[in-house]
Amino acid sequence: MAKELTSRAQDYSQWYNDLVIKGELADYSAVRGCMVIKPYGYALWENMRDVLDRMFKETGHQNAYFPLFVPKSLFEAEEKNAEGFAKECAVVTHYRLIADPKNKGKLMVDPEAKLEEELIVRPTSEAIIWNTYKTWIQSYRDLPILVNQWANVVRWEMRTRLFLRTAEFLWQEGHTAHATAQEAIAETKQMLDVYADFVENWMAVPVIKGVKTANERFAGAEDTFCIEALMQDGKALQAGTSHFLGQNFAKAFDVKFSDQNNKQEYVWATSWGVSTRLIGGLVMTHSDDEGLVLPPRIAPIQVVIVPIYKGEEQKAILDEKVAEIVKSFKAAGIRVKYDNSDHARPGWKFAEYELKGVPIRIAIGARDLENKQVELARRDTKEKSSIAMEGLTQTVETLLVEIQSNLFERAKKYRDEHITKADSWDEFIKILDTDGGFVLAHWDGTAETEDKIKEIAKATIRCIPLDNPLEKGKCILTGNASTQRVLFARAY
RNA sequence: CGGGAAGUAGCGCAGUCCGGUAGCGUACCUGGUUUGGGACCAGGUGGUCGCAGGUUCGAAUCCUGUCUUCCCGACCA
């Protein structure tokens, strides 16, 4: 009867799967590697999307939509980008099915309906977008182009995990075009800041901003900036990326503009994205063995009210009283649910909403009505207390803010406690094998060393933090000279 | 793609070794008692056992093939 959850200590990835499925964020589907995002999970995504969308618009961006399919000839135009994604592309080769003559009731691909040119299901949209921008841009007056699209993309991953890595996922991808490199770089950094702002202040997930090494760079980018988060099991998660694409795509798609002096120049580009993966990061940052813990600012339900009654008469009285509370909450912009369904008893509801991560639960019964109070339980600390009915809306508003900041502080404390400096190889491995987390260590700056470390330690350079202090040292692997520590971790 | 596991009622599972016409928990329906941490009693509904062949008087069970999903790795957001 109880929805048994695997504990984190037992099996962290099973715990994660249990939460996603039993918390009704998503479900497996009949399609390999593709998930169904359930209404509760989608509501969460909608909240995230709405906030981000507002932030994009506040920074001058507009939404547009480009096709799902990319003709192969366009896809291959930017060589590095194409090469980077080629091995994980779904490809459309035919456009029609016919009845299978050998197999009654079955269909087969019509061999007559082969496409002249294969269509790639977008793993990312630079190609189709830059092919379009070519027709939008003639003059410096057409710049900048600041466009974002909300879309699904497909990457045929070998191994998938709910939200963290699915074959199809939802995301947004910003694609901007600029007259100068400086402006494009400023845009890249601006969007990195937008992401960090969103993830920290709305999702309560602390992140480290940094730049990727050449090895980890987005295929086709000059520079990839990222925000890196740390999960409870000590593994890192790339939470968002913002790329300075230089003139790579402009050259590949021949996108030039006339500047003020009527000189033809290639356009400078950026692209940036975050995906439904953030939901996975959210789960693994805050949740516990009782279920999800959602930050108030993006929780689909911020407050759930559970009535406790004996008999229809009491229920009717509570319904009436709670209707006032709900009205007051809604007027204050609080997302509230009154669960007066009669098929589940209070204890069941308590457990259910804890599993769903609802930040605040209010229980109210005859006893409370008498005392003009309610029982209030917060999900983050599991504390219960009696709260006066008088000024309840204000109390709840304040508490939602407090929970939000508590979640962030708690996650940040954990994260900070799991950033360790390592000065030798043994120390490096020991940290990774025990507590995990981020390890700040010297690296000689070469791709070979980075590869070797990845191979032996299964750890990658997550980023070189922005504003990283310079510090002379020796590479933990090769002992060669190094000018700064970089951030290593095992990652999702 | 390599290794492992699994497909039987909405969900979670047993039954498969040793063939005899499908069972448990939960959910669901009806009635009643309940309701401050996952209620109880009584009665009920629901499954061509992933799919396709084969062996057999008879297949969830044996054989062959096939599809799908999950987990662990290599790849990646």
Side-chain angles (χ1 to χ4, degrees), chain A residues 1-6 11-14 16-18 21-22 24 27-35 84-89 103-106 123-124 153-173 195 212 215-216 218-219 224 226-229 236-243 271-281 290-291 306-312 314-315 318 340-355 361-369 371 373-375 377 382 384 386 454-455 458 460 462 491-492:
Chain A
M1 89 142 23
K3 296 195 183 179
E4 288 294 327
L5 296 177
T6 308
D11 183 342
Y12 194 81
S13 36
Q14 190 56 48
Y16 173 80
N17 286 337
D18 279 3
I21 289 170
K22 290 172 181 164
E24 297 190 315
D27 231 333
Y28 294 115
S29 74
V31 190
R32 192 206 80 102
C34 297
M35 65 178 173
F85 285 103
K87 60 187 174 299
E88 53 189 36
C89 285
N103 231 331
K104 202 164 180 279
K106 305 286 183 191
T124 181
V153 288
V154 169
R155 295 182 188 176
W156 214 261
E157 301 288 352
M158 299 289 188
R159 200 162 105 60
T160 57
R161 297 197 62 191
L162 295 165
F163 286 114
L164 296 173
R165 186 172 301 108
T166 45
E168 178 194 16
F169 57 93
L170 304 184
W171 76 345
Q172 58 67 218
E173 46 182 327
Y195 287 156
K212 290 286 186 190
N215 269 5
E216 300 282 327
F218 176 77
T224 288
C226 63
I227 49 174
E228 292 285 329
L237 182 80
Q238 179 172 304
T241 48
S242 184
H243 315 290
S271 71
W272 28 274
V274 295
S275 71
T276 38
R277 170 179 245 205
L278 281 176
I279 294 176
E290 270 68 53
V306 177
I308 294 158
Y309 53 87
K310 296 183 169 64
E312 284 300 317
Q314 281 192 6
K315 180 167 182 284
L318 284 167
N340 66 344
S341 56
D342 201 34
H343 59 262
R345 295 162 80 255
W348 192 91
K349 292 177 186 172
F350 292 172
E352 181 65 13
Y353 291 105
E354 271 164 19
L355 171 60
R361 180 186 73 233
I362 289 174
I364 177 165
R367 205 164 73 197
D368 300 302
L369 287 184
N371 301 330
Q373 63 178 35
V374 298
E375 181 195 79
K382 308 282 257 318
K384 284 199 276 197
S386 290
K454 184 176 175 182
E455 195 190 319
K458 308 276 178 213
T460 49
R462 303 316 305 159
Y492 277 99

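Order of the sequence lines fixes the chain letters, A, B, ..., with proteins taken first and strands second; residue numbering starts at 1 for each chain.
Here E375(A) lies in heavy-atom contact (under 4.0 Å) with a base. Across all strands shown, F218(A) has no heavy atoms under 4.0 Å from either base or sugar-phosphate atoms. No contact: K349(A) has no heavy atom under 4.0 Å from any strand. Nucleic acid contact for Q238(A): sugar-phosphate only, since backbone atoms but no base atoms lie under 4.0 Å from a heavy atom of the residue.
Annotation: U66(B) and U30(B) have their C1' atoms spaced 44 Å apart (nearest Å). As rounded to the nearest Å, U61(B) and G44(B) have C1' atoms that lie 30 Å from one another. Spacing of C1' atoms, G15(B) relative to C24(B), comes out at 10 Å, to the nearest Å. With both ends at atom P, the span from G10(B) to U55(B) equals 32 Å, rounded to whole Å.
For T166(A), the side-chain atoms get nearest to A77(B) when compared with the rest of A77(B), G36(B), C75(B). Among the nucleotides A74(B), G36(B), G37(B), the one closest to any side-chain atom of K458(A) is A74(B). Listed nucleotides C75(B), U34(B), G36(B) differ in distance to A363(A); the shortest reach to its side chain belongs to G36(B).
Straight-line distance from the CG atom of L369(A) to the C1' atom of G36(B): 13 Å, rounded to whole Å. Rounded to a whole Å, the CD1 atom of I308(A) is 9 Å from the C1' atom of G37(B). The nearest whole Å value for the distance from the CZ atom in R345(A) to the P atom in U33(B) is 15 Å. The interatomic distance linking K384(A) (NZ) with G37(B) (C1') rounds to 6 Å, in whole Å. Atoms NZ (K22(A)) and P (G10(B)) sit 18 Å apart, rounded to a whole Å. With rounding to whole Å, W348(A) atom CH2 is found 16 Å from G37(B) atom P. In this entry the distance linking CG of L318(A) with C1' of U35(B) reads 12 Å, nearest Å. Taking atom CG on L237(A) and atom P on C76(B), their separation rounds to 16 Å, with Å as the unit.
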Sub-3.5 Å pairs of nitrogen or oxygen atoms, protein against nucleotides 6-8 of chain B:
none

Heteroatom pairs (N/O) under 3.5 angstrom, protein to nucleotides 68-71 of chain B:
| from | atom 1 | to | atom 2 | distance (Å) |
| --- | --- | --- | --- | --- |
| U69(B) | OP1 | R32(A) | N | 2.0 |
| C70(B) | O3' | Y28(A) | OH | 3.4 |
| C71(B) | OP1 | N17(A) | ND2 | 3.4 |

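Taking CG from D18(A) and OG1 from T6(A), the interatomic distance works out to 3.5 Å, rounded to the nearest 0.5 Å. Between atom CG of residue N17(A) and atom CZ of residue F163(A) there is a gap of 11.5 Å, rounded to the nearest 0.5 Å. We find the CD1-CG distance between I308(A) and L369(A) to be 10.5 Å, quoted to the nearest 0.5 Å. Rounding to the nearest 0.5 Å places CG of D368(A) at 6.5 Å from OG of S386(A).
Judged by the 6.0 Å and 45° rule, R161(A) forms no cation-pi pair with Y492(A).
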Check your understanding: Which is it for W156(A) and R32(A) under the side-chain contact (heavy atoms from CB on, under 4.5 Å) test, yes or no, and what are the steps along the way?
Key -> CA-CA 10 Å; W156(A) 214 261; R32(A) 192 206 80 102; 3.7 Å; yes
Review point. For F169(A) and W171(A), what are the C-alpha separation, side-chain angles and deciding distance, and is it a ring-ring contact (aromatic ring centres under 6.0 Å, His included)?
Key: CA-CA 6 Å; F169(A) 57 93; W171(A) 76 345; 5.7 Å; yes
Practice item. In sequence, state the C-alpha distance, the side-chain angles, and the governing distance for K349(A) and S341(A), and then conclude on side-chain contact (heavy atoms from CB on, under 4.5 Å). Key: CA-CA 10 Å; K349(A) 292 177 186 172; S341(A) 56; 3.6 Å; yes
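Residues I364(A) and E88(A) both approach RNA chain B. Their nearest nucleotides, taken by heavy-atom distance, put I364(A) toward the 5′ side. In terms of position on RNA chain B, the residue among W171(A) and H343(A) whose nearest nucleotide sits closer to the 5' end is H343(A).
Look at K382(A) and you won't find any side-chain N or O under 4.0 angstrom from OP1 or OP2 of G37(B).
F218(A) is linked by a ring-ring contact (aromatic ring centres under 6.0 Å, His included) to F85(A), H243(A), counting only residues two or more places apart in sequence or in another chain.
Proximity of a side-chain donor or acceptor of Q314(A) to a complementary backbone N or O of K310(A) within less than 3.5 Å is detected.
Between the side chain of K310(A) and the base of G36(B), no donor-acceptor pair of N or O atoms lies under 3.5 Å.
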